[in-house]
Every structure is written in structure tokens, then in C-alpha cells.
J.: 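This is the structure I have questions about; it appears just below.
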Number of protein chains: 2
Amino acid sequence: MIKCLKCNRVEAILKAGFLRGQQRYYCKDCSFHFTLGGTLKPSPTSRKSRPTTIKDIARALGVANSTVSRALHDHPDVNEDTKKAIIQMAQQMDYQPNQVAYDLVKSQSRIIGMLVPEFNHVFFPTVIIGAQEILTKAGYRMIIMQSNESYADEISNTATLLASRIDGLIVSMTKETNHYEHFKAFEKREIPMVFFNRYAEEIMAQRIVIDDYQGAVAAVEHLIGQGYRRIAHMAGPRNLTLSQERLRGYIDALSRNGLPVLNELILHTDLSDETAKIYAQHFLDMAEPPDAIFAINDPSAIQIILAARAKGIRVPAELGVVGYSNDPRSAYIEPGLTTVAQPTKEIGRLAAKKILALLANEASGPTDQFVKLDTELIVRASSLRAQAPR
Amino acid sequence: MIKCLKCNRVEAILKAGFLRGQQRYYCKDCSFHFTLGGTLKPSPTSRKSRPTTIKDIARALGVANSTVSRALHDHPDVNEDTKKAIIQMAQQMDYQPNQVAYDLVKSQSRIIGMLVPEFNHVFFPTVIIGAQEILTKAGYRMIIMQSNESYADEISNTATLLASRIDGLIVSMTKETNHYEHFKAFEKREIPMVFFNRYAEEIMAQRIVIDDYQGAVAAVEHLIGQGYRRIAHMAGPRNLTLSQERLRGYIDALSRNGLPVLNELILHTDLSDETAKIYAQHFLDMAEPPDAIFAINDPSAIQIILAARAKGIRVPAELGVVGYSNDPRSAYIEPGLTTVAQPTKEIGRLAAKKILALLANEASGPTDQFVKLDTELIVRASSLRAQAPR
DNA sequence: TTGTAAGCGTTATCAC
DNA sequence: GTGATAACGCTTACAA
């Protein structure tokens, strides 16, 4: 004698398969599917105790789901006593809100995606620290992905991030990236984006960059001030704006000080240590070698110092070296490496703040705005000549 | 009078189409695209075009949701033609599956949580690289959180991770952590956990550790082999197993070689550079100072070298130094630092594989299993005495 | 103050 | 082969 749970009739009930191991019924009268919960054995062996839900609490207390939801969110108009009872029961039943369900109904995720080219150097982890500092404080989680400097990985990562319905994206592109369709998808969905360090002009987004031009000028003028005259530049990949900017700074600093810009003294690396090493040797083997080298970053500069050391060329007496990015190693190598320090953690903080601001007032809309952060020249032994500067 | 946002010039500005309803400009001078954000009307109709769903596709094609779902998942019994039409329409409508909804119905997230104490040194980022390598390949995403070595942060992070319904947790505890209730919550929900490096005996989980004992023995026996006799140990926090194990290795190596273990030669740091510096000075100022120091990690060892340098004590002639963890700086400091290298990336890879294995056959259940990875002693100048070893 | 029920975007079961 | 529809866990009008 099965009674319909809705209309209480017994006629017009038919079996309708199984649901979670229970017989399921269908009432033709009121077109209602149901099962008889009671008989369910508490799954004799495998009791992977399903996490407590709002419903469980409601049932235990004989109130409605909505009341529980309200109480848990400290909604104003819910009776103090029921609220207290609910909160206590929640604790007792070890209730943990299901963020996934919450996200679905809110169609947001409170997740910010962070996509960086690599984790191998201190730079990106430090940016991440800065961003996390701000975002976790604001109740956001982060999904961090690395593209391994591969365009293909970047594409698949952005797809994942898109599917994860991230609320915002903080990204630094790979050095391979030349097409930007995968970022346009975020643009179209009005998911705020902040690019840092490496960015595409084609994409409408906030950009945070280091003033690479100014940093390069400062570095090269420092070398000139130390009396170096034949200054080479180990430049970065041509498609990266940061390479272009540092190159521009190098060129302008030379010109402004009446020094010639010589093509044979400019070499573009791919940022790998191997290439840096080869190019360093090339520079040092030249018939008329440079008396100083400004490198695109510290790892490259370190390779230059090592190459010089191997050849018995004294740094800074015979060769001045300046790097970029203030790698922790640069303080410990002999001689200490003069370098251009970037406000790394600040980039992360700022990017996070921008994202939060965009999220807060979507009204104002993402304009492509541009923030330039200043660098600081850290002078160490590698560029300090004994001779008096002039 | 439009000024370029980058170079501030007004000449050479030309219009370059529209972007999101805004006039876009292009500066020929510095090849820079931009728009003037201010004037953007809040998108008159405000059509934050809701992302395409399965339903939209179904409606557009006059089929049922379930058919679309099936087609998109390449289900066997769906007509080839409808499948083709659906897939094409999905593409056309720029459909992106909603991972959140998928997760809800599957009550899983395909997210692995990773909780580490800090990001400041290379160690943890490297472990993360290793884990990500395996996990993204297996279609899992990662949420990475840092506890900043703070117990309170660890608690709140685990709560977030729990609410995010992560499928598994890879964790290294803070050095403060003494209670483990927050991890028990995962145990109760049968969410697989892998602890690495720092772990609690109280928690039933997989553990991956470096064989710290063996690494310490190797380091100290190397010093003894080099003729050092009064060897101090700058140890780590007492509550960390890794500190205990390295201390045990230090003690055993001394005893085994007939050397006394002296309490005044053992100091426990909190792993900060400041404390390391103070303790280093303390050692060097002793009436009868040690002739070698084995440090808990490389940053501490570097502080020791710097303190010795400041005091004019020659390393390795007057003081042998050995560190632990093969920090990138250790190869570049003068003299190069002898250190115990850990298979860092391998830890991450292994942790990820363990999680995946646990996820695959939940049947076997989480046993507390123990994996010890071997270390490798990297000998550099800081411990190589001119005198013949004995 | 509380309950009812629709809805978020999927998958999966069953009926046809 | 395809279509209804319940279910996942939650929020939130709207009703009571």
C-alpha cells in the first residue's frame, strides 16, 4: 500500500525505477515522483559520511531550509532563539558551507585567477605573495596557474580559468604569446583583467608595469658615470614590451650622453641561462670587446660575471656589469651585482587592488589604464670602477 | 586635444576604431593603443551578456538539454548529425562549460588544495611546480594558499579549502602548529591528505619526507672528514620533526666518531635571518668557538658566513660551514656553500601522484604511509679545508 | 518571523 | 536517439 507523498492516494501509483538504491514511485494522479526514504539502510559498510547540509540542520530542528540559511548568514529578521539553536546545531553537526553551491547560485566564484609564465625565479612567486596578501584579506581565493612560457599552455590554462568562472584574472603573458583571442574571451564576459609586466596593446585591460625605460636609463647612465664608454646590451626577446623599453632606455641614455649606438653591441637572448652564457662569451671574445654590459636581467648578468671570471677578466675593473630585477643571488655573487630593483610585491598588491576595485564598481568599466611603478638602482661592486667617475 | 597616455604627446594621435563603445586612439609616436576611460556610459542597456548555457544551445536548436549535454560529452548514442549541429552551435555561441555547476552535481571539484607555510624561499614554490606538473596533466586545478607560518592563518585556510570542497590536500604545516583538529576535519570527510616535510604523527595521512637524519649525518661526517672537531649545530624550531631529525643526525654522527656532544654548541633558531645572525655572532664570540657549524638551512648558513666575514674569520680555513636545502644563493656566495640538496621538485610530483592514487582507489583507504626521499651532499668551498682530511 | 518554491547549470535516470 | 525531470546545496523573492 504505497501512498503518494503529495496527494496521499494509493491508486495510480507505479514503480519508476531506482534512485540511490531505493525504489522510486510515480503518482499518475498528481504527476509526482517520490521514494520512500525510511527503508534506506544506512549503507551497511561504506559510510563515507556525506557532509552536513543546510537541509540536514533544518530537518534536525524542524525548520525550513531558508530559515537555516538566514540564521547562518545573520539575517536581521530571524528570531534570536531559533538563530541560536541553528548556529549551535550547525556546530554540533560540523556543518561546512558548500562554496560550490553558493557560487552556482550567485554565479560568481570569489576566485581570482592568476596566470604566470613560470615559478622558477623569485619574481613571480613574490608578485603572488603580494596579490594573495590583499585578496585573501578580501575573502577571495586564488587559482594559480603557470604557462611554462608556452603559448599552448597559456591557451589551455585560460580555458580552465574561464570554466572555473573566475571573477577576475591577473596575468603576465608568456614570451611566446602573439595572439590574444584567449584573453578576448574574458573581455567579452566582462571579467576584469589586470596585466602586469608583460601585456598586449590589443587587449583592453588594466596594466601594471615597471617603468622599464627609466630603469634602463638609470642603469646605463650609472655605467657612463663610472667612466665606461663601450657599453653593450644583452637584450631580451623582441616581442616583449619590457625588452623594447629597456632597449629604448639603453639607446636613449647612450645618445643623450653623446655615445654611439652600435648594433654589434646589442644581442637579443631568449632569457635562458644557456643563451646568456653563449652571448657573454661572444661579447668577451670580440676583437674590440665592450667595457661594460647592461643585461636584461640578473640571471643573464650572473652568467656574464661567471664568463668573465672564467676568462680571467676582472669585474668591475675591466668589465662593468649591471643586471635587472634584484635576484637574491645578486647580493651574494662576487663581486656583488649592481641591479635595477623592481617593487615586486607591490605589483602583486596593486594588481589585486585593481581587480577588487573593478569588481566593486563594474559601472565605471574597465578602461585600459596604465600604472607605471618606479624602479630603484641598487649599486654594488660589479659596476664600481676604482677610477674616479667623470 | 588628445594626449597619448604613454608619451603625453598630442601630435601623431589617430582614431583607431571603437572598443566597448569607446573611441579608441593610437599614438603613432610610441605605437600605443588607448581609450579615454572617463566618458564610458554605463552601457546603456547594461547587457552584461550572461554566458551561454547548455539550455541556450538546446533552445536554439530545438532539442532537449540532455541531448546537448550528451553531445558535448561525446556520449555514444546520440545521432551523429545532431551531435555535429550541437557542437557547431556551441562553438558559434561561444559556449564554455560551467565547471561550478558540474562540480555541484558531481559533488567533487577536481581541485586539489595546497597549503604551504610560505613562498619566500625557493623550496615551496619548487614543490608546487612539481605538483602542478602532475596535477594539471591529470585535469586537476590547484588552489594554493600560504599560512605565513601562522597557526591562525592555517586554520582559516583549511576552512576555506574545506568549503571549496577540494578533492585532496597537499600540506606542509606551519612551525607553530601544535593542534590538529583542522586537519581531522579532512580525515573525517575522507578527503585524502598528503603531508610533506612537516607533519603530525596524530594525523592519519600519507607523509613524504626527506630523510633528514641521513642528510644531517652525511653533512656532519663530511665535516669530521675534513678535520673539524668542534662542530656546532644551529638547529631549527624544536617542534618540527625535521629539526629533531637533523639534530639526531648531528648527535649520532658526532657520537659515532667519538666526538663529544656539547650543549653549548647547540642553539635552536626560529628560522629567521635575524636570529641566525645573532646566534652566529654568539658562536663566533665564544671563549672557545666552534671550528665548524652545521646549520639547519642555507639562509642561516649564509648568515653565518656573513658574520664570519664581518669578523675577519676565514671560511673554510678557520670555520667550516655546511647548510641544508641548496638555496640558489649558496652557489654564488663566497665561498660557495656546502649544502644538503633535497629532491624538491620530486616531493611535489610524488605528493601529487599519491593524491591521485588515493583518489583513484578510495577502497584501500588512507593508510598512514611514509615515504623517505634521499638527500645529496653538495660539497663546495665552505667546508673544504686546505689540510689533508684525516 | 518563518515557510514554500523557483532558480543557478549541470548530469543522469527513466520513459517513450 | 531523444525528451522530461529530479537532483546537487544553496539563496531569495514571495506568501503565509
Side-chain angles (χ1 to χ4, degrees), chain A residues 5-6 14-28 30-35 37 50-59 61-86 90 93 95-110 162-165, chain B residues 50-59 61-86 90 93 95-110 162-165:
Chain A
L5 290 180
K6 204 167 184 182
L14 22 106
K15 297 194 174 180
F18 281 84
L19 194 57
R20 307 186 149 209
Q22 289 184 74
Q23 181 58 253
R24 192 176 188 219
Y25 302 93
Y26 178 66
C27 170
K28 275 197 101 157
C30 56
S31 0
F32 182 63
H33 280 272
F34 61 97
T35 58
R50 183 181 52 76
T52 312
T53 71
I54 261 187
K55 272 188 202 165
D56 298 328
I57 302 178
R59 205 175 310 127
L61 252 40
V63 298
N65 305 346
S66 43
T67 308
V68 177
S69 171
R70 280 188 280 251
L72 258 22
H73 286 284
D74 216 23
H75 190 92
D77 37 60
V78 46
N79 185 296
E80 272 307 319
D81 293 337
T82 43
K83 186 188 293 184
K84 226 172 285 177
I86 287 171
M93 297 180 74
Y95 170 75
Q96 286 287 343
N98 185 328
Q99 185 72 33
V100 181
Y102 180 91
D103 290 349
L104 181 61
V105 56
K106 290 290 195 179
S107 57
Q108 51 130 46
S109 60
R110 290 195 84 79
L162 213 51
S164 301
R165 291 297 189 271
Chain B
R50 185 180 49 78
T52 311
T53 72
I54 266 189
K55 275 186 196 165
D56 298 328
I57 302 177
R59 206 174 309 128
L61 252 39
V63 298
N65 305 347
S66 38
T67 308
V68 176
S69 173
R70 279 189 280 252
L72 258 21
H73 285 282
D74 216 23
H75 191 91
D77 39 58
V78 46
N79 185 296
E80 273 306 319
D81 292 338
T82 41
K83 187 188 292 183
K84 224 172 284 176
I86 287 171
M93 298 178 74
Y95 170 76
Q96 286 288 343
N98 186 328
Q99 185 72 33
V100 180
Y102 180 89
D103 289 351
L104 180 60
V105 58
K106 290 290 196 179
S107 58
Q108 50 132 45
S109 61
R110 291 194 85 77
L162 212 52
S164 302
R165 292 295 188 270

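Residue numbering restarts at 1 for every chain, and letters A, B, ... go by the order of the sequence lines. Keep in mind it's a predicted model, so treat the numbers as computed, not measured.
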J.: How does protein contact run along nucleotides 1-6 of chain C, one letter per nucleotide 5' to 3', with B for base contact, S for sugar-phosphate only, - for none, heavy atoms under 4.0 Å?
T.: BBBB--
J.: Between D/dG9 atom C1' and A/M93 atom CE, what is the distance in whole Å?
T.: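 That distance rounds to 14 Å.
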J.: Quick one: which residue pairs count as a salt bridge (Lys or Arg N to Asp or Glu O under 4.0 Å) with a foot in residues 68-77 of chain A, not counting sequence neighbours?
T.: A/D74-A/K83
J.: Measuring from B/Q99:CD to A/L162:CG, what's the distance to the nearest 0.5 Å?
T.: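 B/Q99 atom CD to A/L162 atom CG measures 11.5 Å (nearest 0.5 Å).
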J.: Angle between the end axes of the helix from C/dT1-D/dA16 to C/dC16-D/dG1, five pairs per end, to the nearest 10 degrees?
T.: 50°
J.: For DNA chain C, what residues of residues 95-109 of chain A have any heavy atom nearer than 4.0 Å?
T.: A/L104, A/V105
J.: Kindly say if B/S69 contacts the phosphate of C/dT10, meaning a side-chain N or O under 4.0 Å from OP1 or OP2.
T.: no
J.: B/R59 has an atom CZ; how far is it from atom P of C/dG9, in whole Å?
T.: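 That distance rounds to 10 Å.
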J.: Rounded to whole Å, how long is the line connecting atom CD1 of A/I57 with atom P of D/dG9?
T.: 13 Å
J.: How many whole angstroms separate atom CD1 of B/I54 from atom C1' of C/dT11?
T.: 8 Å
J.: Check A/A101 against B/L104 and note the closest heavy-atom contact, atom names and distance.
T.: CB-CD1, 3.8 Å
J.: Let me confirm one number: the CG-CG distance from B/L61 to B/D56, rounded to the nearest 0.5 Å.
T.: 11.5 Å
J.: Nearest heavy-atom pair of B/Y95 and B/T53: which atoms, and what distance?
T.: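 Closest heavy-atom pair between B/Y95 and B/T53: CE1-C, 3.8 Å.
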J.: Taking atom OG of A/S164 and atom CG of B/D103, what is their separation to the nearest 0.5 Å?
T.: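 If I round to the nearest 0.5 Å, the distance is 8.0 Å.
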J.: To the nearest Å, how far apart are A/K55 NZ and D/dA6 P?
T.: 13 Å
J.: Please report the distance, rounded to the nearest Å, between NE2 in A/H73 and P in D/dA13.
T.: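 In whole Å, D/dA13 P lies 13 Å from A/H73 NE2.
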J.: Who pairs with B/A64 by side-chain contact (heavy atoms from CB on, under 4.5 Å), at least two apart in sequence or on another chain?
T.: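 Counting only residues at least two positions away or on another chain, B/A64 forms a side-chain contact (heavy atoms from CB on, under 4.5 Å) with B/S66, B/T67.
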J.: Under the side chain to side chain donor-acceptor pair (under 3.5 Å) test, which residues partner B/N98, sequence neighbours left out?
T.: none
J.: Roughly how many Å is it from CZ in B/R110 to P in C/dT10, rounded to a whole number?
T.: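 Checked: the CZ to P distance equals 17 Å.
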J.: Do you know which two heavy atoms are closest between B/V78 and B/A71, and how far apart they sit?
T.: CG1-CA, 4.3 Å
J.: Between B/R165 and A/P51, is any pair of side-chain heavy atoms under 4.5 Å apart?
T.: yes
J.: Find the distance between OH (B/Y102) and OG (B/S107) and round it off to the nearest 0.5 Å.
T.: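 Atom-to-atom, B/Y102:OH and B/S107:OG are 10.5 Å apart.
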